[in-house]
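Whatever order the structure lists ligands and atoms in, that order sets their numbers, starting from 1. Along the sequence shown, residues are numbered consecutively beginning with 1.
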Amino acid sequence: MNLNQLTILSVHQGLKKKEFSSQELTKDCLTKIKKSNKEINAFITVLEKQALKQAEEIDKKIKIQGVDNFLTGIPLGIKDNILIQDVVCTAGSKILENYQAIYDATVIKKLKKAGAIFLGKTNLDEFAMGSSTESSAFGPTKNPINLSYIPGGSSGGSAAAVAANMCLAALGSDTGGSVRQPAGFCGVVGLKPTYGRVSRYGLIAMASSLDQIGPLTKNIEDAEILFKTIKGKDDFDATSVEVKDEDPGKMKTKKIKIGLPKEYFIQGLDSQIKEVINNLIKKWQKQDAEFIEVSLPHASLALACYYIIMPAEVSSNLARYDGIKYGFSTNGENKNLLDVYLDSRTTGFGEEVKRRIMLGAYTLSAGYYQDYYLQAQKVRTLIKKDFEKLFQEKDIDCLLTPISPTLPWKLGEKINNPLSMYLADVYTVSANLAGLPALSLPIGKIDDWPVNGQLIGNYFQESKILHLGKMIEKLGL
Ligand code: GLN
């Protein structure tokens, strides 16, 4: 077995026992990237020299101080919408093709402090808008399980890189499912933390009231390690909070109770995926878990609500890319300022991004604001209240739902049908609208394809859903 195939925890133990060095591990990852990235296109930028230099320094430090942190010497992939100082950060867009980050995102600062190594920046749908990683200006990422299929999105590069053992783990961002859905399509673990749990400072904003950074890993233990390292209050993100972790040990004393929202198991869900979930339920019941049917009455409105609120925030956040302040510009002679704005944005942005900016500008405009944006905000509150009521009244530990209504589709299959692409997000957007933590984890297979399920927890109960995730892992599905 090559070192790049190991998990964070097993590498940590190996480094401690001096069985290998971080340089050897980093080299194995880089070799795998060299071998497979041409085909898979998981990385937009590979930081070969920097990563090797970082690993060398870490090895020196290990010799003196030992291994003081789980992430010491661990090579990671970072989604290319998270800033690393002095490294190009494209967000998958032509408009930021040459943009060099001038500071570290807070999560990067924390990872640097922990001694993690950055192998490079991973591919994504342009500005994280999409569910297939096909809208990237740098070409699509392919699913390592079958190269004719999409890896999911928008963190498709991160998910594919982890699944193909190009890195030990990766960071992604999740605005409506972008960590969880690609994790599912590539058969790895993905966690979207509670809104506010992880600082968004240095994450290129898509829709600020929904965005969260989360880990993609080979198992739950590793997701927990990464999550615990990046979480916490940050003075640079006013929405971030510090909350004490709940001790999942407390759960051992009582029977586990899981809610199954009936609105999530209706027509449209692939019958084979439903079967995989039923199989999980049967096996878990034998271990003394109790399942109850519950209702989220406004669930059917979530997708429409998301596709109004998200573009509204997108149109506002992306106003800053005007060809003057950042990156690409068609700045030329005989052009007035407005033409520079117009030309730069027309050439710099791709189709999907422009579609969302226009949609958002429309729903925010005078005359339509009340009917669309304001109405969607009201619906968002109803969706949030549905979840709050469930957790209060039903005494459940979490909800179990599918991640995606279908298995991955072929490259190009939905590219000309945005609506069918949007429908793929039906099970993931609610956790973002409500701000709840949600875990995507493998629960079975259909032929060669992995199938992930989703555990949605109450606010700040990441520890609990991770603990329950470990129980599922032990079922060996
Ligand atoms: N697929 C969703 C969208 O296109 C989610 C994107 C995300 O979470 N960044 O909006």
Side-chain angles (χ1 to χ4, degrees), residues 78-82 90-93 122-136 140-141 150-159 170-186 190-193 195 198 200 203-216 302-315 317-318 349-360 363 376 380 402-406 408-409 414-415 417-440 452 454:
I78 304 293
K79 187 174 181 179
D80 205 18
N81 59 354
I82 299 172
T90 68
S93 181
T122 56
N123 203 1
L124 68 158
D125 280 298
E126 187 176 1
F127 284 100
M129 296 175 205
S131 312
S132 67
T133 318
E134 290 172 295
S135 77
S136 167
T141 297
I150 56 113
S154 64
S155 313
S158 290
L171 286 187
S173 65
D174 193 311
T175 304
S178 275
V179 163
R180 291 163 287 155
Q181 185 254 24
F185 282 3
C186 294
L191 173 71
K192 182 203 88 73
Y195 184 77
V198 176
R200 289 175 294 110
L203 166 70
I204 293 182
M206 176 181 163
S208 308
S209 78
L210 302 158
D211 299 341
Q212 266 295 283
I213 294 173
L216 291 109
L303 202 61
C305 176
Y306 172 79
Y307 274 96
I308 290 177
I309 290 174
M310 174 272 299
E313 294 186 23
V314 160
S315 78
N317 272 329
L318 270 63
F349 287 138
E351 290 303 303
E352 184 58 30
V353 169
K354 282 189 258 195
R355 185 180 295 123
R356 295 192 192 198
I357 290 174
M358 285 191 285
L359 211 62
T363 59
R380 181 177 187 174
I403 277 288
S404 161
T406 66
W409 53 92
K414 296 191 179 181
I415 201 91
N417 189 347
L419 207 56
S420 82
M421 191 88 88
Y422 298 168
L423 287 172
D425 303 329
V426 64
Y427 296 129
T428 47
V429 295
S430 293
N432 301 79
L433 289 167
L436 293 164
L439 178 66
S440 167
N452 274 26
Q454 171 169 241

> atom 2 (C) of ligand 1: which protein heavy atom is closest, and how many Å away?
Replying inline: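 The closest one turns out to be D425 OD2, 3.1 Å.
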
>> Below a 4.0 angstrom heavy-atom separation, can you tell me which part of F127, side chain or backbone, both or neither, approaches ligand 1?
In response: neither

> Taking heavy atoms and a distance under 4.0 Å, where does Y306 meet ligand 1: side chain, backbone, both or neither?
Replying inline: side chain

Give the numbers and elements of all ligand 1 atoms closer than 4.0 Å to a heavy atom of [X].
{"X": "A128", "value": "6 (C), 7 (C), 9 (N)"}
{"X": "S154", "value": "9 (N)"}
{"X": "D174", "value": "8 (O)"}
{"X": "Y307", "value": "2 (C), 3 (C), 4 (O), 10 (O)"}

Before signing off on this row, confirm whether [X] and ligand 1 have an N or O atom pair separated by under 3.5 Å.
{"X": "M206", "answer": "no"}
{"X": "G176", "answer": "yes"}
{"X": "S178", "answer": "yes"}
{"X": "G130", "answer": "yes"}

Going by atom types only, do [X] and [Y] share a side-chain donor-acceptor pair under 3.5 Å?
{"X": "K79", "Y": "S154", "result": "yes"}
{"X": "D174", "Y": "S155", "result": "no"}
{"X": "D425", "Y": "S131", "result": "yes"}

> Does V179 offer a backbone N or O that forms a donor-acceptor pair with the side chain of S440 under 3.5 Å?
Replying inline: no

Would you check if [X] and [Y] make a side-chain contact, meaning some heavy-atom pair closer than 4.5 Å?
{"X": "W409", "Y": "M421", "answer": "yes"}
{"X": "S420", "Y": "K414", "answer": "yes"}
{"X": "R356", "Y": "M206", "answer": "yes"}

>> Quick test of your reading of the structure: of R356, M421, M310, whose heavy atom lies closest to atom 4 (O) of ligand 1?
In response: R356

> Strictly under 4.0 Å, does any heavy atom of R180 approach an atom of ligand 1?
Replying inline: no

> Can you say whether the rings of Y422 and Y307 are parallel (under 30°), tilted (30 to 60°) or perpendicular (over 60°)?
Replying inline: parallel

> Do E351 and R355 meet the salt-bridge criterion of a basic N to acidic O distance under 4.0 Å?
Replying inline: no

